S.K.: 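Please find one structure pasted underneath; my questions will follow.
Values below: all heavy atoms of this structure, side chains included; hydrogens, waters and symmetry mates excluded. Every chain is numbered from 1, with letters handed out A, B, ... down the list of sequences. A quick note: this is a predicted structure, and the numbers were derived from the prediction, not measured.
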Protein chains: 2
Amino acid sequence: MPEKNTGKSAGVEKRPHRQLSIKDIARLARVSHPTVSRALQNSPLVNAQTAAKIRKIADEAGYRASAVARGLVTRRTRTIGLVVTTVADPFASEVVCGIEQTANDHGYSVFLADSNADPAREKKVVQAFAERRVDGIIVTSSRVGALYLPLLAEMMVPIVLVNDQHPGAFVHSVMIENLSGMRAIAAHLTKLGHRRIAYLGDRFGYQSDVERLAGYREALHEAGIDDVPELVVHGDGKPEAAMEAIEKLLALADPPTAVCCYNDMTALGAMRKIRMHGLHVPEDISVAGFDDLFFARYTQPPLTTIRQPMRRMGQLAMESLIKLMSGEESVAQIRVDAELIVRESTARARKQ
Amino acid sequence: MPEKNTGKSAGVEKRPHRQLSIKDIARLARVSHPTVSRALQNSPLVNAQTAAKIRKIADEAGYRASAVARGLVTRRTRTIGLVVTTVADPFASEVVCGIEQTANDHGYSVFLADSNADPAREKKVVQAFAERRVDGIIVTSSRVGALYLPLLAEMMVPIVLVNDQHPGAFVHSVMIENLSGMRAIAAHLTKLGHRRIAYLGDRFGYQSDVERLAGYREALHEAGIDDVPELVVHGDGKPEAAMEAIEKLLALADPPTAVCCYNDMTALGAMRKIRMHGLHVPEDISVAGFDDLFFARYTQPPLTTIRQPMRRMGQLAMESLIKLMSGEESVAQIRVDAELIVRESTARARKQ
DNA sequence: GTTTCGATCGTACACGTGTGCAATAGAGAG
DNA sequence: CTCTCTATTGCACACGTGTACGATCGAAAC
């Protein structure tokens, strides 16, 4: 009675101590390897009892089918590529979290790549994805979305963008309602009696910045306030740049009594600089953010902001991608609603 | 003269429009496919001119070698699995960033998996890694490190842990000098004249908490201060729990004049609650954190803390793993130094 | 008894790449 | 001219899985 001895070769083992393959299981179960394959896929083509027996043996042996071999023959790897400008950003990491969870729930594994906003690196990681034969790609907050067009064409793989900064280039994307969100914030401020309201934006030209700026303007117009160009300044979405940008506002002869920040990170820098000037939020100046990152409720004072359902957005992007990968159609542009969260960084304007 | 027509079969194409393979390039270059393989690997076995010509053709055709086919025959996928309790944590995401960068620099791709601190999920993702045939695994801040032992044995793959909470179970890890770090913070406070210094920790029993608590005690002993059990309380490393935990300290008949927090997230919650009690930092009570997350310099007041070189730690973990995957030895326990960053949340104790 | 049909299972391939080995050709030595 | 050696290339396999197709067998139909 032959035991586990295969009789194949007596040669020395290679370093990585041979994982056991489907053929090993076939030998143990005294069937052919296709039968094992079918049994593990719960195929109706195999006898129920045999299948159960095979599954039991495979399980006890700790057998794990090789996804790479399967991917080779199936031509579908059940992996997706996720490129993000940087994971070390609270917004991105929440989105990544949502994507990873739903990918995992659907049997997909995700390759993570950090582009660091470096176009060369971004191109490199997408090439890596091409070699890995990913089934789809998600890109979040890309500054260089247009770069993907040729690569996309080359890879023949669906792509979904989250909060892309260059409109129209891609069909599938999920974004927040930037305009109505920022309009809600600005309207909140006008209702508090503010008339000199500033906008501290991201880099000029990015779609989300354009849309939020538009929302800010709409709210002001509705309140009968005219545009004041000197009250619109730009940072880069991060605290450092915000600290510089807000200097221009504070140096004004008639400084604003409230400022709408492009996002919470910007608000963080703004509030810090305001404090360094000896001023107080919200007594001297109201500050509002956008995103509702985890720290928004812990700032001093807690930040009034717009909540973006970041994980949900990641989930939606992944679900959309899954549809596309299955050959189905999916909604091209998904827009999620923004929710105003009023905390203590905004207050009624002082009587002039 | 035969053109691109392969003459193989006139059957209809499958859906995913056949990527071109090494054989396509071979046909274009009028050589055999092994020659193409060797040319693209810069093998000395192939004529320099032929190699150059092949590479040119492959490049112009936009050919991308299939990493999955290569992985199958090579038995090395050049992928690693990265499991993290949650990416949506500023500490973890910085580490992930460091790991991804250096992995990418060395030609490795990384599978990201979020365990959500759920043991079942954690097991599931590691099984997925096994099927993907990853060459190595990195686990950050695992609460359940011990769970990996059997899976590790099964996979025969090197593992590196970052900031593991269960000492001794694994050989390879990279951690911060918790003890000396927290001792530096506490000593900083004693030098400012504080005598009633509290410790607001993570869950009891986690290694990093144990070590930081020990550092705190050492500093107090050096300053001739006795242990006061009521001044040591525990949260869970997040702001919410910190807000609850610090209540116990504030409710004391003789409340502390300074509190060492397990990390910056804890400090965030602590400062918020202190403010809600109408007290001021640092006038009424000094607060110190640990980690130096991005927001530490933007809190009000900016947070005194210990800087952890998070990206560097990720880099070190990845470099260590690369060594192990190459069969080399690597330092078992890597400890990186902590650096005290004094900002404005700590001040001289008021005269009693 | 033969025929037919469905249920099971095995055989033979394919996926795209890497690599040991043989084959060939050309150069140099004798 | 013959032999040897080296440089270069092709042939034949292997990696581990999925799947079309044929083979077998038993039962049911005739």
S.K.: Please report, rounded to the nearest Å, how far the C1' atom of D:dC15 is from the CG atom of A:Asp24.
M.R.: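 Answer to the nearest Å: 13 Å.
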
S.K.: Is there a donor-acceptor contact under 3.5 Å from the side chain of A:Asp118 to the main chain of A:Ala120?
M.R.: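 Checked: pair present.
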
S.K.: Counting just side-chain N and O atoms, does B:Tyr63 come under 4.0 Å of either OP1 or OP2 of C:dG16?
M.R.: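 So the side chain of B:Tyr63 is outside the cut-off, no N or O lying under 4.0 Å from OP1 or OP2 of C:dG16.
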
S.K.: Find every protein N or O atom lying less than 3.5 Å from an N or O atom of nucleotides 21-27 of chain C, and list the pairs.
M.R.:
none

S.K.: Does D:dG16 have OP1 or OP2 sitting under 4.0 Å from an N or O in the side chain of B:Arg75?
M.R.: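 True: B:Arg75 side-chain N/O within range (under 4.0 Å) of D:dG16 OP1/OP2.
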
S.K.: Choose from C:dT19, C:dA12, C:dG16 the nucleotide whose nearest atom is closest to any side-chain atom of A:His33.
M.R.: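 Comparing C:dT19, C:dA12, C:dG16 against the side chain of A:His33, the answer is C:dA12.
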
S.K.: Verify the contact: side-chain N or O of B:Gln41 to OP1 or OP2 of C:dT19, cut-off strictly under 4.0 Å; return yes or no.
M.R.: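 Answer is yes, contact under 4.0 Å.
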
S.K.: Roughly how far, to the nearest 0.5 Å, is the CZ atom of B:Arg55 from the CG atom of B:Leu40?
M.R.: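 Spacing of CG (B:Leu40) from CZ (B:Arg55) equals 7.5 Å.
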
S.K.: Given atom CD1 of A:Ile25 and atom P of D:dT17, what is their separation to the nearest angstrom?
M.R.: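 These atoms are roughly 9 Å apart.
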
S.K.: From the options D:dT17, D:dG10, C:dT17, select the nucleotide whose nearest atom is closest to the side chain of B:Thr35.
M.R.: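 Per side-chain heavy atoms of B:Thr35, the pick is D:dG10.
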
S.K.: Counting only heavy atoms not in A:Glu328, do more than 12 fall under 6.0 Å of its CD?
M.R.: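 Result for CD/A:Glu328: enclosed.
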
S.K.: Report the residue from A:Ile25, A:Ile22, A:Asp24 that forms a side chain to side chain contact (heavy atoms under 4.5 Å, CB included) with A:His33.
M.R.: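 That would be A:Ile22.
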
S.K.: Measure the spacing between CE of B:Met313 and CZ of B:Phe91 and express it to the nearest 0.5 Å.
M.R.: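 Nearest 0.5 Å value for the CE-CZ distance: 4.5 Å.
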
S.K.: Just how far, in rounded Å, is P of C:dT17 from CD of A:Glu131?
M.R.: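 Whole-Å distance recorded here is 10 Å.
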
S.K.: Measure from CD on A:Gln19 to C1' on D:dC15 and round the result to the nearest Å.
M.R.: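 Roughly 13 Å, once rounded to whole Å.
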
S.K.: Whole Å only: how far is the CD1 atom of B:Ile22 from the C1' atom of C:dT19?
M.R.: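 Going from B:Ile22 (CD1) to C:dT19 (C1'), I get 12 Å.
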
S.K.: Within the side chain of A:Arg78, is there an N or O that forms a donor-acceptor pair under 3.5 Å with the backbone of A:Ala67?
M.R.: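 Checked: no pair found.
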
S.K.: Any chance NZ of A:Lys124 has more than 12 other-residue heavy atoms, nucleotides or ligands included, within less than 6.0 Å?
M.R.: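 Above 12, so yes.
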
S.K.: Do the side chains of B:Lys56 and B:Glu60 get nearer than 4.5 Å, heavy atoms only?
M.R.: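 B:Glu60 vs B:Lys56: side chains touch.
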
S.K.: Looking at residues 66-74 of chain A, who's got a heavy atom less than 4.0 Å off DNA chain C?
M.R.: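 Within residues 66-74 of chain A, the residues near DNA chain C are A:Leu72, A:Val73.
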
S.K.: So, A:Arg121 side chain and B:Gln101 main chain: donor-acceptor pair closer than 3.5 Å or not?
M.R.: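 Indeed, once roles are kept as given, a pair shorter than 3.5 Å links the two residues.
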
S.K.: Checking the side chain of A:Ser320 only, and the main-chain atoms of A:Leu316 only, is there a donor and an acceptor separated by less than 3.5 Å?
M.R.: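 No, the answer is negative, given that no donor and acceptor are paired below the 3.5 Å cut-off.
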
S.K.: Could you grab the distance from atom CZ of B:Arg75 to atom OG of A:Ser66, nearest 0.5 Å is fine?
M.R.: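 Here the rounded value is 9.0 Å.
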
S.K.: Here's a test of your reading of the structure: between A:Pro44 and B:Ser21, which maps to the more 5' nucleotide of DNA chain C?
M.R.: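 Checking each residue's closest nucleotide, the 5'-ward one belongs to A:Pro44.
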
S.K.: Between D:dG16 atom P and B:Arg132 atom CZ, what is the distance in whole Å?
M.R.: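 Whole-Å distance recorded here is 17 Å.
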
S.K.: Take the protein atom CG of B:Leu20 and the nucleotide atom C1' of C:dG16, then report the distance between them rounded to whole Å.
M.R.: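 So the CG-C1' distance, B:Leu20 to C:dG16, works out to 12 Å.
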
S.K.: C:dG18 P sits how many Å from B:Arg76 CZ, rounded?
M.R.: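 To the nearest whole Å, that distance equals 14 Å.
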
S.K.: Using side chain to side chain contact (heavy atoms under 4.5 Å, CB included) as the criterion, point out the one residue from A:Val84, A:Val83, A:Val160, A:Leu82 that pairs with A:Val139.
M.R.: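 It is A:Val83, the one option of A:Val84, A:Val83, A:Val160, A:Leu82 that forms the side chain to side chain contact (heavy atoms under 4.5 Å, CB included) with A:Val139.
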
S.K.: Please state whether the phosphate of C:dG18, meaning OP1 or OP2, lies under 4.0 angstrom from any side-chain nitrogen or oxygen of B:Ser37.
M.R.: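 Result: yes.
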
S.K.: Give, ordered by number, those residues of residues 46-56 of chain B having at least one heavy-atom distance below 4.0 Å to an atom of DNA chain D; if nothing qualifies, reply none.
M.R.: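 Heavy-atom cutoff 4.0 Å gives B:Val46, B:Asn47, B:Thr50.
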
